[in-house]
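Values in this document were obtained by computation on a predicted structure and should not be read as measured data. Atom set for the values below is all heavy atoms of this structure, side chains included, hydrogens, waters and symmetry mates excluded. Starting from 1, each residue takes its place in the sequence as its number.
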Amino acid sequence: MPSLDKPPIATTTVKWRFPAVHPEGRKYVLIAGAIAALAYIVGGGWFWTWPLIGVTIWVAAFFRDPVRVTPQGPGLIVAPADGLITMIQQVPLPPELAGPQGLGEGPLTRVSIFMSVFDVHINRTPVTGTVRQVVYISGKFVNADLDKASDENERQHIVVEAPDGTRFGFTQIAGFVARRILAFVKPGDMIVAGQRIGLIRFGSRVDVFLPAGYAPQVALGQRSVAGETIIGRLGAEPPMGVSQ
């Protein structure tokens, strides 16, 4: 029997494991797996089964929900999505985010993150606070990497008010393949930076609007990690070559 006089030795290693599949995706994994099994039984061989097994694995990977460690500290905005930083520019606010109940008036810096079908599609809140608005807009399904997708595509705007009263807005945008935006939060919910707030199926974009005084901390072409990458900071200077 081990002695209880000494504390256990802290481990310095951790084993990798495949991330859990989010509950929203489990039914799709089961459906894909059932089709693969049916193809094997009916077809009597592996010719069609192996590709369907590959599709099943891809579906499980698409809905993967990895653990993330969110940076802590005042004045930080973390990435709401995994993907590629495709646009950083000052733009007029969408009507759904403008006004006293939204982010106010005037242009703000928008950071756009494009998610391919190979990225994690669980979206996370960039800041801690209270959800003030969740506004869904039906629309088209043009390529989410295009600038006009912000105004034409199916999208969902979310406004979060931080404890100090600052309001932050971000938008989930459906893409050419995406056909469903899901929200896990509603107005009045208290959320913590890095918390899961929704997902988009399959391939899409998330726009984040930085309030006045916040500077982008990412560059075009950089890849972001939802809940971990700092994309904006209060009172900081933007990276070299990035203008607000």
Side-chain angles (χ1 to χ4, degrees), residues 22-28 62-63 65 77-83 86-87 91-117 119-162 166-211 224 226-227 231:
H22 192 273
E24 283 290 337
R26 291 173 187 169
K27 59 184 176 182
Y28 296 98
F62 178 87
F63 287 103
D65 186 14
I77 303 176
V78 298
D82 285 33
T86 57
M87 287 179 276
V91 297
L93 285 171
E96 300 82 12
L97 291 179
Q101 301 304 314
L103 306 182
E105 304 296 338
L108 291 179
T109 299
R110 183 185 69 195
V111 178
S112 298
I113 304 171
F114 177 77
M115 296 179 286
S116 76
V117 294
D119 287 311
V120 174
H121 273 60
I122 302 296
N123 298 151
R124 298 170 182 261
T125 174
V127 294
T128 294
T130 303
V131 178
R132 294 303 183 194
Q133 290 186 32
V134 178
V135 182
Y136 171 82
I137 306 294
S138 61
K140 300 178 182 179
F141 297 96
V142 301
N143 186 352
D145 205 19
L146 299 176
D147 188 42
K148 66 179 181 179
S150 299
D151 302 316
E152 298 184 4
N153 277 22
E154 176 178 322
R155 55 202 181 276
Q156 184 162 254
H157 303 285
I158 299 177
V159 174
V160 178
E161 183 176 328
T166 304
R167 292 198 170 193
F168 300 82
F170 55 102
T171 304
Q172 299 169 286
I173 303 172
F176 180 72
V177 181
R179 285 297 184 273
R180 185 76 188 278
I181 299 174
L182 300 177
F184 304 157
V185 295
K186 62 185 184 302
D189 287 350
M190 299 286 294
I191 53 179
V192 179
Q195 179 178 327
R196 300 163 182 82
I197 54 88
L199 66 82
I200 317 174
R201 304 195 301 253
F202 292 86
S204 39
R205 193 176 105 200
V206 177
D207 289 345
V208 184
F209 295 86
L210 308 185
S224 66
I231 63 171

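The shortest distance between side-chain heavy atoms of Ile77 and Pro211 falls below 4.5 Å. Taking the side chain as every heavy atom from C-beta outward, Ile197 and Pro80 never approach each other to under 4.5 Å. Residues Pro187 and Val134 form a side-chain contact, since some pair of their non-hydrogen atoms from C-beta on lies under 4.5 Å apart. Side chains of Val131 and Lys186 form no contact here, defined as non-hydrogen atoms less than 4.5 Å apart.
Taking CZ from Arg167 and CG from Leu103, the interatomic distance works out to 8.5 Å, rounded to the nearest 0.5 Å. Rounding to the nearest 0.5 Å places CG of Leu182 at 10.0 Å from CG of Asn123. Annotation: the span from Ile191 atom CD1 to Ile158 atom CD1 amounts to 7.5 Å, rounded to 0.5 Å. In this structure, CZ on Arg110 lies 5.0 Å from CG on Asp207, to the nearest 0.5 angstrom. One finds the CZ atom of Phe170 at 4.5 Å from the OG1 atom of Thr125 (value rounded to the nearest 0.5 Å). One finds the CD atom of Gln172 at 7.5 Å from the CE atom of Met115 (value rounded to the nearest 0.5 Å).
Across all non-hydrogen atoms, the minimal contact from Asp82 to Ala226 is OD1-N, 2.7 Å. Taking every heavy atom of both residues into account, Ile113 and Ser224 meet most closely at CG2-OG, 3.5 Å. The two residues Ile231 and Ala79 come nearest to each other via the heavy atoms CG2-CB, 3.8 Å. Smallest separation of non-hydrogen atoms from Val206 and Ala81: CG2-CB, 3.9 Å.
Between Asp65 and Arg196 a salt bridge is recorded (basic side-chain N to carboxylate O distance below 4.0 Å).
Residues forming a ring-ring contact (aromatic ring centres under 6.0 Å, His included) with Phe168 (at least two apart in sequence, or on another chain): Tyr214. Glu105 pairs by the side-chain contact (heavy atoms from CB on, under 4.5 Å) definition with Ala98, not counting sequence neighbours.
Here the side chain of Gln133 pairs no donor or acceptor atom with the backbone of His157 at under 3.5 angstrom.
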**OP:** Please step through side-chain contact (heavy atoms from CB on, under 4.5 Å) for the pair Phe209 and Thr171, ending with a clear verdict.
**Re:** CA-CA 9 Å; Phe209 295 86; Thr171 304; 3.8 Å; yes
